Amino acid sequence: CDSCSCGSSSSSCSSSSINIRRSSYTSSSSANTSRPMPLHKQTTKRSKNSRKAAPLGPLAAVFGFSATAAVVTAANGVDAARPDGLGNGLALETWGAIRTKKTDAGLGYEITDPADYDPALAAERTVDGQRSWKDCYCGESRHGQLWTDFYERLDAGLRSDPSFSGPWVHDLCAFAYPIIFKVISLDPRDDSFSLHSDCPAGALSMVSVCAQSAALQRLQNFGSKATAGTRTPETTAETPRWRRTARVVLNEGDSVGDVFQPLPLESCLALCGETPACQSIAFGPYGCHLKNRCVQPGEPMVAAGEQGDDYRTYFLEPCRQASPPTFKGGEIPILDDGDAAGGGADEDRSAAFNSQTEDMLNMMSFALRVLEFCFHCLDSSPWPFLLSEILENYALSVEATEDFVWKRASGRFLGPSTYPGPSAGRAGGGGGRALDSDSSAPSMLPPTDEAAATLGRIPVWRLTLQRLQVRWTRGLEMEAEFWRKKLSPDPQENDRFERLETWMDSGEVTWFLDGDDPCKWLTSSRDAQTVDKGANRNKRRKTAPPPRVLNVGSGPFAPGPIKCQLPEKNDQTSVVPVIAADGLARYYLRILDEYSLQPPYSPLQCPVEELHLCFPPAHFDVVHMRNALDHVFDPLLGIQRMLHVVRPGGWVLLRHARNEGIAGSFRNGLHQWAFDTIECPDSQAIDASGACHSSFLLWNPELRLDVTSELLSTGLAQEVRTRLVDHPADDAPEDEKYVWVEIRRPTVLETSQTLR
C-alpha cells in the first residue's frame, strides 16, 4: 500500500515497497469515451533473478541463530554409533521445552512480524488486519448497485449457459471493460498494482469474464484465419470498398458508438454498417469506435510511437450514401491507404488474434493480483468463481496459452455458491441459496456484526499461507519461461545445452550431489524393513516389496534407474527404479512438445503437497528432494506428504541452498522460503558428550518453523539430521552453504514402543 486506503475510505496504510495499492473507487461524472491505455503498455515482464543463495547477514540478529551440524532422534537408548555409519542420536525428551515456547502458532508454524525483517513489509499484516466480508459482499459498497447489477447479469448468464461460452460473455465484458480500467491500474516502472475499489470480489469477477471473452474471441479469429480466402464478396463497381490507414487519422470526427473490449474486425465493420451515422471506424486491439466523419485517402495520421498508433482507421470509399456493402460469409476485402502494410483482412485477424491473446493473459494476471484482496471470503460469497478455480485457470493460461478457455470448477454447475453464507438470517436475504432454488439471487449485503466477527478468528498463519499460494501461482509464468530456455535446443539460447544434449542422448543426468550416495540410504531403509518383518505388519506380504526411490521436484530432467548392491540380494547389483515427480511436470512436457523433443524419461505431474494423491502410503524406500522444497507454498505440508509415501524406516533426504529466498526478497518467482539451521535451540539440546545439536529451520519474513522439533514432537520422524556442507558450485563464495537434512520415518516397532 502506498498512501492508500485499505478496504474503506476511512482507514489508511502507508508503505512504499509492498507494491500493492488500494483505494476506494470513484466513478467519473461523465462517460469516458477515450480508449484506455493498452494493457501491453501498462505491464512489464520481469526477468528471472539469480538463483544464487545469499549469506545470513543481519538475519541472525533478528531470529538469533547460527549454524552447525546436528543429528537428532526420537529413539530412547540409541547406540552411540549406528552400525550403518549414518550418525548418532538425541532423545525426544530434549525437545519438550521448545514446544512450550510456541505462541500464536498454527500447524507448527510460528507467526513472526515481517517488520522485524524489513519494516516495509509491515503493510502485509496491515492488509490482513483490515480484511472484511464487505470485500466479497458488496451490497453496502459505495457502488453497491453497480456490483449488484453486474452480479445479477453474471448469475443469469451462467444459469442459462453453464458452459460460460455464449455471446452473453462478450456483452457482459463490454459492460465491465471500462469499469476494469477505472478500478485497476498497474505501474510498469515498479510493477505496483492499484485497486481503486471496495469490492475486490466484483472486480475479480469482471476480469475473469473479460479473460474468457478474449479467449473466445481469439479462438474465433483463429477459425476465421484458417478459412481466409475461401469466400467471395458480392460487389459491383458502385459498391463502397473498405480502406484502412497504417495508424489512426488525426481528425476522426465524432463518436457515434464505442465498444470498450476486444472485438473481431468483421463484427466492428458490421456494427458500423448497422449504425446509419457511421462513416468510419477506429479499430484496435482494445476496442471498436464508430465515427461520423467521411475520411478521405491520404489524410494525416498520428505519429508512430504516440498514443493511438496501435489503432487503424477503416473508412468507406466512396463515402457511404445509403446501405452498407454486403458480403457472403463476412470475408471483407480491404485496401491499404498510404503507407499501410499489405495483407488485408487476414493480416488484421492475425493482429487481433495476438492482441486478444495478450489481453487474455493480462486479464488473468489482473485476476491473480485482485485475488490477494478477497481470497479470505470468495468461496463463501455469492460470486460464482472459486479460489481454486481462479488459481487453476491462471495455471492453464500459462501452461497452454494458445489453447486456453476458462474451465469452470467441478461441482459448481450454476452461478451462486451452495454455502448458505454468513448473512443468512439477516433481514433482506441470506448469503447464498441451494442450486435448485428458484428464489431470487443471493443477497449482496454483508453479514451481521456477529457473523462478521468470525473473519477476525481466521488465524494469521492461514491467511499467510493462502496469500503465499496465490503468489506461488503468480510465479508460474516466470518459472515456465526459465525452463523454456533451459530446454531450448538452441545453444545460443540455452546456457546448459550440454546437459540437455547428454540427457536426450543417454538419459543420464546428475540428480544427487557429490558426497551423497542414494544406495547407502536405500540399504539403511531395507535393513529397517528387515527388522520390521518380525512385527508381522502385513500377513499377506510374504516377500519384501521391490526397492524404489522417489525424486520429488525433479524438474524436467527425470533420471533413469540406479544400480545398488542390496543385502537382500546378497550384495549383488540390483537395478532400482527412480520415479520422478514435479508440480510443474505438465509445463515441462508442454515445452518439450513445443521443441519436438522426446525425453528419455518423463516426470509425473504431482506437487509435493499432493504426493498422497499420486502414490500409495509407504511406497518408497527413499524420497529425495533437491533445491525444490523452498519453491512450494507450504513446505511443512510437503515434508509431511513425503513422510507419508516413504516406508517405515525409510529416509527423506533434503538438499537445498541455504537461505535461497533472500536474494529475491522472497518475491522472485516461486522462491518464498529460506532454509537454515538453528544451533542449540534449547539448553537440553546437548547430548551426553556435550555436543550441541542443530535443528532444521524453514522461514520467511512472516512464518518460522523449527522442523526438527515439529517432526519429533508429532511422532512423524524418528531421527532428523541437519548439517551444513559447502556449496557444490565451483565458483560459489566460501560462506555460501547447502543445508542437508535427513529425516527417518519410525519403523513399526518404534511406533509401537512409543504408543505403549
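The first residue of the sequence shown is numbered 1, and numbering continues consecutively from there. No experiment lies behind these values; they were computed from the predicted model shown.
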Arg467/Glu372 under side-chain contact (heavy atoms from CB on, under 4.5 Å): CA gap, chis, key distance, verdict: CA-CA 6 Å; Arg467 182 170 57 250; Glu372 290 199 37; 3.9 Å; yes

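- Put simply, the side chain of Arg218 never gets that close to the backbone of Val405: no donor and acceptor are under 3.5 Å apart.
- Of the possible polar contacts, none joining the Asp155 side chain to the Tyr151 backbone as a donor-acceptor pair under 3.5 Å is found.
- To the nearest 0.5 Å, the span separating CD1 on Ile179 from CZ on Phe150 amounts to 8.0 Å.
- Minimum interatomic distance between Trp461 and Ile111 (heavy atoms only, all atoms of both residues): CB-CD1, 3.4 Å.
- Here the two rings, on Tyr137 and Trp383, have centers that are 6.0 Å apart or farther.
- With hydrogens and angles disregarded, a donor-acceptor distance shorter than 3.5 Å links the side chain of Gln672 to the backbone of Leu468.
- In this structure, the side chain to side chain contact (heavy atoms under 4.5 Å, CB included) partners of Ala115, at least two apart in sequence or on a different chain, are Asp113, Ala122.
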Check against salt bridge (charged side-chain N to carboxylate O under 4.0 Å, His left out), Asp171 and Arg153: CA-CA 10 Å; Asp171 295 337; Arg153 293 179 62 178; over 6 Å; no

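- In terms of heavy atoms, Leu378 sits closest to Leu204 at CD2-CD2, 3.7 Å.
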side-chain contact (heavy atoms from CB on, under 4.5 Å) evaluation trace for Ile184 with Arg369: CA-CA 10 Å; Ile184 291 176; Arg369 305 296 286 267; over 6 Å; no

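- Rounding to the nearest 0.5 Å places CG of Asp135 at 10.5 Å from OG of Ser381.
- With a 6.0 Å cutoff to the six-membered ring centre and a 45° limit on the axis angle, Arg474 does not count as a cation-pi contact of Tyr394.
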Criterion salt bridge (charged side-chain N to carboxylate O under 4.0 Å, His left out) on Lys407 and Glu399, from CA distance to verdict: CA-CA 14 Å; Lys407 302 293 189 299; Glu399 174 191 354; over 6 Å; no

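- Ring geometry for Tyr311 against His289 counts as tilted: the plane angle lies between 30° and 60°, on a 0 to 90° scale.
- Between the side chain of Glu477 and the main chain of Val398, no donor-acceptor pair closer than 3.5 Å is present.
- In this structure, the side chain of Ser397 does not engage the main chain of Leu361 through any donor-acceptor pair within 3.5 Å.
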Side chain to side chain donor-acceptor pair (under 3.5 Å) between Gln466 and His376, intermediate numbers included: CA-CA 8 Å; Gln466 283 185 313; His376 59 281; over 6 Å; no

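- Scanning all heavy atoms of the two residues, the minimum distance from Asp198 to Pro200 falls at C-CD, 3.5 Å.
- Cation-pi geometry between Arg131 and Phe375 is met: under 6.0 angstrom from the ring centre, within 45 degrees of the axis.
- Residues passing the side chain to side chain contact (heavy atoms under 4.5 Å, CB included) test with Thr275 are Val256, Cys278, Leu290, sequence neighbours excluded.
- Atoms CG and CD, from Leu386 and Glu392 in turn, are 12.5 Å apart once rounded to the nearest 0.5 Å.
- Judged by distance alone, with hydrogens and angles left aside, the side-chain atoms of Arg312 form no donor-acceptor pair with the main-chain N or O of Ala282 at under 3.5 Å.
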Test log, rule side-chain contact (heavy atoms from CB on, under 4.5 Å), inputs Val295 and Tyr314: CA-CA 9 Å; Val295 177; Tyr314 291 76; over 6 Å; no

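- To the nearest 0.5 angstrom, Leu216 atom CG is 10.0 Å from Gln356 atom CD.
- With sequence neighbours excluded, no residue forms a disulfide (SG to SG under 2.5 Å) with Cys374.
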From CA spacing to verdict: side-chain contact (heavy atoms from CB on, under 4.5 Å), Cys294, Phe315: CA-CA 7 Å; Cys294 180; Phe315 61 94; over 6 Å; no

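- Looking at heavy atoms from C-beta onward, Thr313 lies out of side-chain contact with Lys291 at the 4.5 angstrom threshold.
- Residues Arg586 and Leu396 form a side-chain contact, since some pair of their non-hydrogen atoms from C-beta on lies under 4.5 Å apart.
- Side-chain contact between Trp673 and Phe666 is absent, with no heavy atoms from C-beta onward closer than 4.5 Å.
- Between Val460 and Tyr109 there is no side-chain heavy-atom pair separated by less than 4.5 Å.
- Going from atom OG of Ser267 over to atom CD of Glu274 covers 9.5 Å, rounded to the nearest 0.5 Å.
- Side-chain contact between Asn393 and Phe404 is present, with heavy atoms from C-beta onward closer than 4.5 Å.
- Within the 3.5 Å criterion, the main-chain N or O of Lys134 finds a donor-acceptor partner in the side chain of Ser132.
- With hydrogens and angles ignored, the 3.5 Å screen pairs no side-chain donor or acceptor of Ser213 with any backbone N or O of Cys173.
- Checked against the 2.5 Å cut-off, the SG-SG distance between Cys136 and Cys199 does not fall under it.
- For Asp254 (side chain) and Asn292 (main-chain N/O), no donor-acceptor pair under 3.5 Å exists by modelled atom type.
- When all heavy atoms of Leu476 and Ala395 are compared, the closest pair comes out as CD1-CB, 3.8 Å.
- Among all heavy-atom pairs drawn from Glu389 and Pro384, the shortest one is OE1-O, 3.8 Å.
- The aromatic rings of Phe164 and Trp168 lie tilted to each other, with the angle between the two planes from 30° to 60°.
- Counting only heavy atoms from C-beta outward, the side chains of Thr401 and Met360 approach each other to under 4.5 Å.
- If you look at Phe181 and Phe260, their ring centroids are not closer than 6.0 Å.
- The backbone N or O of Leu391 lies less than 3.5 Å from no partner atom in the side chain of Thr473, so there is not a single donor-acceptor pair.
- Using a 4.5 Å heavy-atom threshold, the side chains of Val248 and Met301 count as separate.
- Residues Leu703 and Thr112 fail the side-chain proximity criterion, which asks for heavy atoms closer than 4.5 Å.
- Here Ser197 contributes atom OG and Phe373 contributes atom CZ; the two are 10.5 Å apart, rounded to the nearest 0.5 Å.
- Across all their heavy atoms, Val207 and Met363 have their closest contact at O-CB, 3.8 Å.
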